[in-house]
Each structure stands twice: as structure tokens, then as C-alpha cells.
Amino acid sequence: MSTAEQRAVEIRLEDYTPPDFLIDTVDLTFDLEPSQTHVRSQMKIRRNGDHDRALVLNGEHMTLLNIQVDGRALTENQYVLTETTLTIPDVPDEAHVVIENRIDPASNTALEGLYQSAGNFCTQCEPEGFRRITYFIDRPDVLSRYTVTLIAEADLYPVLLSNGNPVAAEKCTDGKHMARWVDPHPKPSYLFALVAGNLTRITDEFVTLSGKTVELGIYVEAHNADRCDHAMASLKHAMRWDEQVYGREYDLDVFNIVAVDDFNMGAMENKGLNIFNSRYVLAKPDTATDGDYAGIESVVAHEYFHNWSGNRVTCRDWFQLSLKEGFTVFRDQEFSADMGSRAVKRIADVNLLRQVQFAEDAGPQAHPVQPKAYREINNFYTSTVYNKGAEVVRMLRNLLGAETFRQGTDLYFDRFDGQAVTIEDFVSCMAEVSDLDLTEFRQWYDVAGTPKLLVRDEYLEGQYILSIEQVVPESANGHPYMLPFGFALFDEAGEPVLLDGKAEHILIVEQSSQSWTFSIEKKDADLLVPSLNRGFTAPVDVQYDYSDEALGLLSRADTDAFNRWDAFQRRIQRCLVSRIKVAMDVDSVGEDALPEDLSKAFGQLLLEAEQDPMFVAECIALPSENYLADQFEHDTPVEWIHHERVRLRQQLAAEWELTLQLIYQSHAQEGAYRFESRAAGQRQLRRQVLSYLCGLNRPAWTQLAKEQFDRADNMTESFNALIALSVSDSAEFDHVLTAFEARWRHDPLVMDKWFALQAQRSDAGALARVQDLMAHPTFSIKNPNRVRALIGSFARTNPLRFHDRSGSGYQWVADRIIELDAMNPQIAARMASVFNTWKRFDGNRAALMCAALRKIHDRPECSADLAEITGKALGHSFD
Ligand code: 0A1
Ligand code: ZN
């Protein structure tokens, strides 16, 4: 074990005890200077329970100046200071504690606590950043009322913001000014925020259901003032939606959003003052793609929804993280589904779950939705906690039905308003309003891994029998899961078959092995095709022995759009996986013709392009190389996955070339760019179609892409042309890339697309190019967005070059992770997860990946964040 691993203590859920002290009010005064910010904190503390333990405050990376208890200054022998705590042994049961300390925001590159971004001050306190600002009981079950006074130079920092409502602002005599904010709602320290800077404010207002006017503000750097309309519109839609769907109103006079360029994650739900990574705020048609617009809509909504699911009702401890995150992701998913296409949203969410969460659950970082132990909580902001957590809430909604689920959420919000609670509290509200016994359902929160459902069926004299056997993850000890399972049956003509008189069923699966017998009206059915887990009602891996013909039938006729998509994707995946296996065996790319049924199903989907362009675009997108790689348990055939995927794409394009061309032409944009479902669907379809065509490497098609690039009046069409060209070997690609850079080199968010595309391109020069790009004037290793765009895209989305047999990709990425760790451990740790899969590669690659992990891990200065991730990847046990 490394030094960092030994240093980090394991925190366990079972060890939870209530806090020894509570802090009822805190009054903070900040005198903001880049390298010497002075913080004064006045707290009213109160002993919690009958004990005589000391008051222990968390505090890191700061200089303590002085402490007073009830007006008396403490001498050095009256407290104990360590690198992470301040302990005051003798405090009265109730006391007034005043602490002054100094911090250095300018040199804070970890972007936790108070830091600077583009010269402005901002904060990130979740989960444990507040302890880098002042000494405090930095845990989510200590809820306090905050008053915050900000003092800063008026010229440099004209805008001064914090949580709650503004109550005072005045000029000081020395060129400084002050502002005071009071937040009436008690909150945990992780929701604290402040911002001081030179920012422009975009304003609007929202009238709540009960008639209260809320002032809305989005703060950005002046040159971005014309990029806030979409975020503002999204915010107002989200506020209305939460009133209509959950009956939740906003509860302060103001709601502010601030966009910052340097941010570790997407955004943060600080009470009344959300702080966002600028990529989730800023958009105008010529700089942002449809994907960016959709991302903004969902992240703005997500953070806003936290005002109830997270802020008004918060988490008792960090093991309950999914209480707020799983629920809030479910809420934002449903919001986006209501704003656009429900089916396409579901496809995108399930795709993400399968690609990221299933992989996480199958690897060394697997953990339950409610983890039982952690060393570094930053490492638990995972797809499991967020996305699987959302699926678990979705299952509850499906088990209870929408109306009863709403009764459950009403009860939860009413009962626990102003409290810090547990996942158990949430589930028991759901049990209380329904007749369901949810005891067994808890397993979804407690056990890591993806259950498999083996499904069989049988037709017997007027009866249809469906059997489901559960293969549960090892840690479930054979215990079955409880889950809702959407199910329907189709006949050979693609018509729904009534079972017990009904076409749609939601079965409750709860035993290891279970079967259902339905009476069936049609007796002459030769071919009955079950449609399973419709709408992806449960996050499981369903296995059923479908014939190619049956998959073709479902992809054409299933009445559940998600399952149509899924059937076609299964068919493609089956073709690719079997081709890849053959290529591995014979050590060369195959030459077999395109399977007729697959080609036919593809063509049939294309016929629907006019009716639902976005859906067709989703269907014809080939599974990613990474997802295909996940289908191999060992000796991942990196090269064959790549080459066979390229070959299938070319075969489909060659077969349907004319139709693809027609579709491309008939979906040309009419009128000005608008982010709206049909138009975005058409652009997405044109992107897919153009990529298929450009993959054929014919000048006619690359020329078409070049023309699209030249003519485009919006970033979606412009960048889609670039994507299409990047899959060709055309020299046009380089020309267009240069033109793109010349136009956008002063726009960092746009340049991220340019970096990412080059990092992803699978040509032999990829690594050298990425290395060179590190020296590009727009690149900075200190900025998480740039790092994700360049280094992250190379490691995550260019498997052919990252896994180069020489090990050059691994070494380069490992060295960058080490470089990052000295500045920003959170970002370094996230990046290191690209090595998680090392055991699934051939001996040579596995050894090289393992060596890279050791190199990162075995350094004495390795951060706790990175040591935990790499240690687990190496198989270190923490018990
Ligand atoms: N609560 C935020 C996510 C978030 C978590 C950690 C952060 O910094 C370490 C920042 C943001 C959300 O779910 O949106
Ligand atoms: Zn969240």
C-alpha cells in the first residue's frame, strides 16, 4: 500500500454517529484578496446530547489567526491544531465561538474551497471544500443559518454574491465595497457559496404558482452576455415544471447562476447561488451544438431541482449521496423527456448507463448505489451513485405508478423539510403511501453489480409461459432482486398479442426463478416474439435467445420505441461481435457480405427518417468501440473491434448510398437555427448519414461535407461536417480543421471541440498530435475542460491509439495524470479510471497498463484521491 493509502482513513456507514455539536448560526466576513483572504467566522454552537467531548472542527490548507470563545481569546494551550482539525477541549454547552483565519485562493489549483477563475473569486464546497475556507463542522447533518459579508476592491470585483437574499451593500472608504447576504434556510456547509468578480448580469423574473416574483440572474464575463438566453429559458422551464410535476415552489427572492471557466464538475446547486462550469451555461447558435443546448437544459434543471431534492431535504452523511443525486437525475431526465422526445431521451440515458455504469459495476471500482465505506468521498461522485441511483428511483416510480409515487414524494418533502436524512427515509415514504413491501427492494441500494435475467418462453395450447431466472452478482449471495419488468408479445406479423386480454404488462420480478402463465387468444402463432424490459424498466442485463428474424421484427414493429432501438442495436452488436471473433481467429479482417436481414432492417429504419429523424439517427448509430470491447471478457481485440466496425459502416453505406444521399438532401435546414426537437433530429440524422457517406472515402461525399462546413450558419452543422470528415482519409479534413481553428481560437469552449476531435481521430499520428496540442496557446493543464477535451478524449475515445501495443499511449497518459495530481487530485483520479480494465487485455497490454498504474500509484506524494482509485484498480484490498 502506498503512503497516501495508509494515511487515508476508511470511513464506514455503520460507524455513523450524530455530531457532537451543532452550529445554529454562522456569521462570516470575507476580506477578499487573491493570495491573502481574511476570514472571520462567528458561530453559535450548541452541545448535541449528553457528553463531555471536545469541540472538533475541520480545517485544511489555511492559517489560523485567533480563536475566541464567549469573548475570551484562547491561548495556544487551550486548543490543539493539526493539519486537518482544530480541537477545543473545554467549551460550554452553548457558546459563541469566533475564529479568524487566512487562506490563499490564488494558489488553489485543486478548485475546492475558495479559488480564482479568470481573476474572479468563486467557491466549490461539496463535498468537503468548506473546510478549506474556515474551521467548521464540515458534515452535511450540521445545518446552520448563514449571514455572509463580502468585502473586496470595488473596481476589480464589482459583483459580490452569496447564498440567500441580499440585505445590504455599501461603499467603504478605501476603494473597497461590501455586500451582505442572509440565507434564511438552514443548510449544510457544502451548500455555501460566494462569488466576487467583474461580471455582467443577465436578468429575468419568474412568478411562482403562489404569485411571488423571483428575480433571476445569470452572471457571466461581459463578452459572453449574448450566450445566456438558452440557460435562462431552461431555468424558467425547470421552475415551472417542478411546480407542475412535483408541486415544488422556489423559496427565496432571488435565484442566481454564475458561470466560471475553471470547474471540476458540471455545476453545483449552492442554495440560491448555483455555480456552473461555463460549458453548461453559455450557448448561441454559432458556438454551441444541439448536444450543448441539451446539456445546458438538463444541467440547469438538475441544479435547480436540487433546491428541494438536496437542499431543503438534505443528506445525513455522504453515504446518502444518491438520496439527492439519484432522485435529482431521475427528475432531470423526466424534465428533458417532457421538453423534447421522450423515447430519444430514454435511449440516450440507457446508452450512458450501459456504457459507463455497467462498465463501472463490472470493474475494480464497483460499489453499491449506497456505498458502505470510502476513503476519499470525491471518488464517489460516480455513474453508479448518479445514473444507477436514478434507475432505482425510476423503478420505484414504475412499481408504485406515477400518482402514488407523487404521494410518496409529497410525503418525503413534507416530513423531512429542513432535515438531513437517509435513503431509508425516502424508501419508507414510498412504502408508506403504497401497499408494497419494499424491504427486498433495498438490495438495489446495497449491492454492487448488474443482475442478469435469463428469460425463456413457451407456447402451450392456448397458454403462453414466460420464465425468468435471476443471475445475481456475487455479493448478493444468491438473494434475488425486486424489479418491475415491462413486457409485451408480438406475432409474426408484428401485431401485439393480447395476454390475459392485455397488450402491455408490468411484471413484478422478485424470485430467483419465476414464471407467469397467460392465456393467449391467438392459437396458430408460429412465431411469437417477446418484447422484454420495455422502456428499460429495470437496470438489468436481459438475455434471451432471439433469432435474427425476431430482432428484425421487433426493430420494425415493437410499439415501445426504446425496445425497437434496442432490438436493432442487438442485431448490429451480434453481427459485429461474431465478425470480430472470426477476425481474431484468422488474424485478418473478414470479407463476408453484409447480412441480408440486417441490411433490410437498416433500410426499413431509413424509410422512417421523415417521420422521426432523431429516432432513426439514434438507431443507425453503431455501438462505440468501448461498448463492443466490454463484450469481451479477456484479450480485448482492440484492432479487430476498430476495423470490423469500420467495415460494417462501409458496407451499410455502400448498400444504401443512394437512400442516404436522398435523406441527407431532404433534411436540409430550413430557416434560422432553432434548438427544437424536429430540427435537432434532422441535424442529428444528417450527421449520421454524412458520416456513413464520408466513411466510403469518395470525393463526392467529402466534398459534400466540406460544403456543409462552408455554408453552415450554426455550430451543429459546422462541427458535424468536421466529424464526418474525420472518419474519412480525405485531405479536406486538415483544411477544414485549420479553418475552424482560425475562426475559433479565441473561444475556449469551441476549441474544446477542436481538441477533442483531434484526440479521438484514430489515425497513426494521434499520439504525436495530442502531444503537440499540449503546447497549443489555448491549452492549459490547469483547466479541467481543456484536460478532459484533449487528454480525456484521447484516453477514453481513441481506444485504437490509447491501447497501442507499444504502450506509448499508456505511458503518455500516466505521465499526464502524475502531472495533474500535483495540481488537481480530483481530476487526476477521474482520469486514472481509464486503466480500470487492464485485466481484460492480453498479457502484454495488461502488463503495460499495470506498470502505468504502479508508476502513478507508488509515488510517496500520490494524493489520497488518486491512490484510492489506482490502488483499487491494482486490486489492493482495503480491509
Ligand atoms: N452536486 C453537484 C455535483 C458536484 C459534486 C462535486 C463537485 O466538486 C467536487 C462539484 C459538483 C451536482 O450533482 O450537480
Ligand atoms: Zn446533482
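Every value quoted in this text rests on a predicted model; they were computed, and no experiment measured them. Hydrogens, waters and symmetry mates are skipped; everything else that's a heavy atom, side chains included, is used. Order of listing sets the numbers, starting from 1, for every ligand and every atom in it. Numbering starts at 1 and runs along the sequence shown.
Side-chain atoms of Thr328 and His302 include no donor-acceptor pair closer than 3.5 Å.
Partners of Arg406 under the side chain to side chain contact (heavy atoms under 4.5 Å, CB included) rule, at least two apart in sequence or in another chain, are Thr409, Asp410. Checked against side chain to side chain contact (heavy atoms under 4.5 Å, CB included), Pro140 has the following partners two or more places apart in sequence or in another chain: Pro188, Tyr190, Trp318.
Within 4.0 Å of ligand 1, heavy atoms belong to protein residues Gln124, Glu126, Met265, Ala267, Met268, Glu269, His302, Glu303, His306, Lys324, Glu325, Tyr381, Tyr386, Gln826.
Checked for salt-bridge contact, Arg859 and Asp821 meet the test: a charged N lies under 4.0 Å from a carboxylate O.
Listed by first and then second residue, the salt bridge (Lys or Arg N to Asp or Glu O under 4.0 Å) pairs that reach into residues 319-328 are Glu126-Lys324, Glu269-Lys324, sequence neighbours excluded.
The Zn ion (ligand 2) has an N, O or S atom of Glu325 closer than 2.8 Å.
Between Asn165 and Asp253, the shortest heavy-atom distance links the atoms OD1-N, 2.9 Å.
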